[in-house]
Amino acid sequence: MAGALAGAGIVWQTPANPPEAQDYIFRNGRRYVRPYYFEFISHAKNRWAGKTIVDLFTDEFKGRPREYYVHAVKCGRLQVDEQMVQADYIVKSSQKISHFLHRHEPPVLGGNIVILQNEVDVVTVCKPASVPVHPCGQYRKNTVVGIMEAEHGLTPLFPVHRLDRLVSGLLIFAKSAERAERFRQQIEANLLQKEYVAKVVGVFPEGEQTVDANVNFNAREGRSTVEVSNGPGKAIPSGKQACTKFQRICTDGNHSIVLCKPVTGRTHQIRVHLKHLGYPIANDELYVSGNFCPRSSKGTSIHRATSLVCSLPSPDPDNSAEADLDFGIDPMCTNCPNLAPVGYDGDEEGLWLHCVRYTGPDWCYECPYPDWASLDNVAGKRMKSDIAFPTPEN
């Protein structure tokens, strides 16, 4: 690290620093991460070459204003090849670029990650909704992998399958690369069966309903669409082939609990196939209403004026009611004094979609279903189903 940052009394973390239990703060049903100093490392892409360091960050990383990047260069918080540079420095391809910042992670729901089975080479857990499986984007410590290491000392863990961040339920980890490879081979051979439950709008029809329709995921918008062929001579639908089988478990006339068996594993497959049938997940704002905020615009705008100075951070408990000695305020940080980063209001809830079972050639792992996965009839008695499920924990 360059001399401008050495001796500053700041401990700069990298991905090599493991999460610890004291890193987490629980407030109002949410799990926050105590903000920390972190070194983001990237290597200049070909399209970055020829830009000034300030122009590059202003164009590529829009979460902070240009003024911030100018000051970050002057203070040594933006460095190239571990050296301080001027604001007009021209970046070359493949150069190492370090961004030293005060990192705020988005909050997640505060539920515990319950260990279901802890075997010699496999561990299964019940993932709470809103928690990402592994580090991605703004999430590093506030992930299932991070929390399992911090609170249970389980590392390394290799995710066997993926659950979207807002989805809850069964998550399987291998404890070794060898065991993960055996799972991967079974997945590629289509030897696994997956089962989810969803709470949908309306009275879902009886009998098995099969949707065989391509799913096209738009990464920029963060949503999928269904595309089907309109018959001979028509344009071939784009997207990836996808198939899901559905069966109603019960209904109260307004909502239905539906068993979902995805044959393939496309992004948002169950969600978009249910919408295609006309029975979207009841609290799925992305697919129920059609009104959505592209992920590319969420949490990327600074809505308040920020005074940026080249000075060392110092705790300032009086600066905000949120500060109260939980973490120090960084004078250059565009998120302080709040715990969450700008753009994350903390009111996000989990989807009514829950993974209940994964079955392989010689194994089966299950997860209790959530409270919302039952409906009461007029007499107040649980409606019966002829489909067997793991029972909820009391």
Side-chain angles (χ1 to χ4, degrees), residues 160-164 166-170 172 186-218 223-284 286-290 351-361 364-367 369-370 372-375 383-390:
V160 172
H161 61 102
R162 179 177 58 85
L163 288 182
D164 288 343
L166 295 180
V167 177
S168 59
L170 176 67
I172 306 170
Q186 292 177 350
I187 292 172
E188 288 193 351
N190 295 320
L191 298 177
L192 272 58
Q193 291 81 47
K194 302 165 283 188
E195 298 178 36
Y196 294 71
V197 289
K199 183 175 181 178
V200 305
V201 174
V203 178
F204 197 86
E206 294 182 332
E208 184 174 88
Q209 309 293 316
T210 299
V211 177
D212 193 348
N214 287 19
V215 170
N216 192 3
F217 179 66
N218 185 318
R223 61 187 265 139
S224 293
T225 54
V226 164
E227 300 187 13
V228 296
S229 174
N230 292 321
K234 302 296 183 180
I236 298 176
S238 59
K240 296 181 178 180
Q241 188 274 332
C243 178
T244 314
K245 298 179 180 180
F246 300 99
Q247 186 172 350
R248 189 179 82 191
I249 299 172
C250 58
T251 182
D252 64 0
N254 295 311
H255 298 94
S256 300
I257 302 300
V258 177
L259 172 65
C260 315
K261 296 182 177 180
V263 179
T264 52
R266 311 305 182 196
T267 302
H268 294 186
Q269 175 177 317
I270 294 174
R271 298 165 67 180
V272 75
H273 274 180
L274 283 169
K275 176 181 173 61
H276 178 67
L277 283 176
Y279 303 91
I281 295 173
N283 70 341
D284 192 345
L286 190 62
Y287 294 108
V288 168
S289 66
L351 279 177
W352 287 337
L353 179 62
H354 184 87
C355 181
V356 293
R357 183 183 291 118
Y358 258 69
T359 305
C364 179
Y365 294 111
E366 297 181 339
C367 180
Y369 62 83
W372 54 256
S374 63
L375 295 171
M383 302 180 70
K384 295 183 178 180
S385 166
D386 58 358
I387 301 175
F389 282 96

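Basis for what follows: all heavy atoms, side chains included, without hydrogens, waters or symmetry-related copies.
- Under the 4.5 Å side-chain criterion, counting only non-hydrogen atoms from C-beta, Arg248 is in contact with Val203.
- Using modelled atom types, one side-chain atom of Lys275 and one backbone atom of Tyr287 make a donor-acceptor pair closer than 3.5 Å.
- The closest donor-acceptor contact from the side chain of Asp252 to the backbone of Asn254 lies under 3.5 Å.
- In this structure, the side chain of His273 engages the main chain of Ala213 through a donor-acceptor pair within 3.5 Å.
- Side chains of Val211 and Lys245 form no contact here, defined as non-hydrogen atoms less than 4.5 Å apart.
- The local environment of CD in Glu188 is crowded, with over 12 non-hydrogen atoms from other residues, nucleotides or ligands closer than 6.0 Å.
- Inter-residue side-chain proximity for Leu274 and Pro280 is flagged as unmet; no heavy-atom pair is nearer than 4.5 Å.
- Of the inter-residue distances, the one linking Leu351 atom CG with Asn283 atom CG reads 5.5 Å to the nearest 0.5 angstrom.
- Residues Glu195 and Tyr358 form no side-chain contact, since every pair of their non-hydrogen atoms from C-beta on lies 4.5 Å or further apart.
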Report the C-alpha distance between Tyr196 and Leu163 in whole Å, list the side-chain angles of each, state the deciding distance to 0.1 Å, and finish with yes or no for side chain to side chain contact (heavy atoms under 4.5 Å, CB included).
CA-CA 11 Å; Tyr196 294 71; Leu163 288 182; 3.5 Å; yes

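- Side-chain contact between Val258 and Gln247 is absent, with no heavy-atom pair separated by less than 4.5 Å.
- Using a 4.5 Å heavy-atom threshold, the side chains of Leu192 and Thr359 count as separate.
- Between His354 and Trp372, the ring-plane angle classifies as perpendicular under the 30° and 60° cut-offs.
- Taking 4.5 Å as the limit, some side-chain heavy atom of Leu286 sits within range of a side-chain heavy atom of Arg271.
- When ring centroids are compared, Phe204 and Tyr279 come within the 6.0 Å threshold.
- Contact check for Val160 versus Ile187: side-chain heavy atoms found under the 4.5 Å cut-off.
- If you check the side chains of Gln269 and Thr244, you find a donor sitting under 3.5 Å from an acceptor.
- For Asn214 and Gln241, the side-chain atoms include no donor-acceptor pair closer than 3.5 Å.
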